[in-house]
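Below: the structure, in structure tokens.
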Amino acid sequence: MSGRLLLYRSGALGDTLLALPALDALRRRFPESRLILAARPAHGAPLLDAGRVDEIVDAGSPPFHLLYQAPTAGDELDRLLRGLDASVFFTRDLEGGAARRLAGLRGTHFAAPPFPPEEEEIHTAEWMVRALAPLGIEEEPVQPLSPSGKSREKARALMAALGLEVGP
């Protein structure tokens, strides 16, 4: 697959960062694909800066406001989803509007719970990677998040301008 993949994970900063291992697994499995994260832009910005995703779209803005509504062929969200090869929506709405909307699309599009069941003793980040099994992804080790060289230089310059010592 060398097209476009979308991972949807709305929520706070921590929720977005928990998606990092799943995003990395998608990148390793589909290195030629454009990886799109639907999240709050400010929360996804570090992942974009670090090159872990290729694009951020705002999960709280149109067309995602249509996700939980009855699907209408040709609406804005339908057009977006039909332009993707695969999408994964981490949402609690596994049998409602989101699931119905994803069911009629070509390619691999599915909803998965954002958190593991209480009886499972697994970290949420690992759970999200496990949820990618329909895409042929297996559990893998987690890589730390590091800022880009450009961002590190900006931080060093800012700290120097403030007279602060630059440490590791």
Side-chain angles (χ1 to χ4, degrees), residues 1 3-31 33-48 50-72 75-78 80-146:
M1 183 182 312
R4 296 168 25 123
L5 308 172
L6 179 128
L7 186 142
Y8 174 93
R9 181 68 167 109
S10 66
L13 177 59
D15 294 321
T16 302
L17 294 177
L18 285 171
L20 182 57
L23 291 163
D24 287 345
L26 286 168
R27 172 75 74 207
R28 282 189 293 276
R29 176 75 172 92
F30 306 106
S33 292
R34 182 162 182 81
L35 186 53
I36 304 163
L37 173 63
R40 291 185 179 167
H43 300 163
L47 304 180
L48 183 64
R52 302 300 257 283
V53 297
D54 299 307
E55 184 179 342
I56 302 286
V57 292
D58 190 348
S61 295
F64 295 104
H65 68 290
L66 300 170
L67 181 61
Y68 302 105
Q69 297 178 12
T72 304
D75 68 21
E76 190 179 0
L77 182 56
D78 186 63
L80 170 73
L81 295 174
R82 289 187 186 281
L84 301 170
D85 292 298
S87 62
V88 181
F89 284 79
F90 285 99
T91 176
R92 294 177 192 259
D93 183 33
L94 301 177
E95 297 178 17
R100 284 190 300 275
R101 184 176 284 275
L102 298 172
L105 298 171
R106 68 168 176 74
T108 305
H109 301 273
F110 60 95
F115 302 104
E118 287 185 27
E119 64 274 5
E120 294 230 14
E121 293 186 16
I122 183 172
H123 193 278
T124 300
E126 293 174 75
W127 167 259
M128 293 174 74
V129 173
R130 186 184 289 178
L132 301 177
L135 294 169
I137 292 174
E138 298 178 12
E139 293 182 47
E140 302 174 0
V142 175
Q143 301 296 317
L145 176 63
S146 298

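A donor-acceptor contact shorter than 3.5 Å is absent between the side chain of Asp85 and the backbone of Leu5.
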message = Quick one, Leu80 with Val57, criterion side-chain contact (heavy atoms from CB on, under 4.5 Å). Give me CA distance, side-chain angles, the key distance, then yes/no.
response = CA-CA 11 Å; Leu80 170 73; Val57 292; 5.9 Å; no
side-chain contact (heavy atoms from CB on, under 4.5 Å) between Phe90 and Leu7, worked out = CA-CA 8 Å; Phe90 285 99; Leu7 186 142; 3.8 Å; yes
Salt bridge (Lys or Arg N to Asp or Glu O under 4.0 Å) between Asp93 and Arg100, intermediate numbers included = CA-CA 10 Å; Asp93 183 33; Arg100 284 190 300 275; over 6 Å; no
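For Leu48, the side-chain contact (heavy atoms from CB on, under 4.5 Å) test picks out Val53, Ile56, with sequence neighbours left out. Annotation: side-chain contact (heavy atoms from CB on, under 4.5 Å) contacts of Asp75 (sequence neighbours excluded): Leu66, Thr72, Leu77, Asp78, Arg101. Judged as a side-chain contact (heavy atoms from CB on, under 4.5 Å), and not counting sequence neighbours, the contacts of Ser87 are Leu6, Leu81, Leu84, Phe89, Leu102, His109. Looking at residues two or more places apart in sequence or on another chain, you find no ring pair (Phe, Tyr, Trp, His ring centres under 6.0 Å) involving Phe110. Glu55 meets the salt bridge (Lys or Arg N to Asp or Glu O under 4.0 Å) test with Arg34; sequence neighbours excluded.
Listed here is the closest heavy atom pair of Val129 and Ala25: CG1-CB, 4.3 Å. Nearest heavy atoms, Asp58 versus Ser61: OD2-OG, 2.8 Å. Contact detail for Ala131 and Pro134: the closest heavy-atom pair is O-CD, 3.2 Å. Considering all non-hydrogen atoms of both residues, Arg29 and Gly136 come closest at NE-O, 3.3 Å.
Within the structure, every pair that satisfies the side chain to side chain donor-acceptor pair (under 3.5 Å) test and touches residues 113-122, not counting sequence neighbours, is listed here: Glu120-Arg130.
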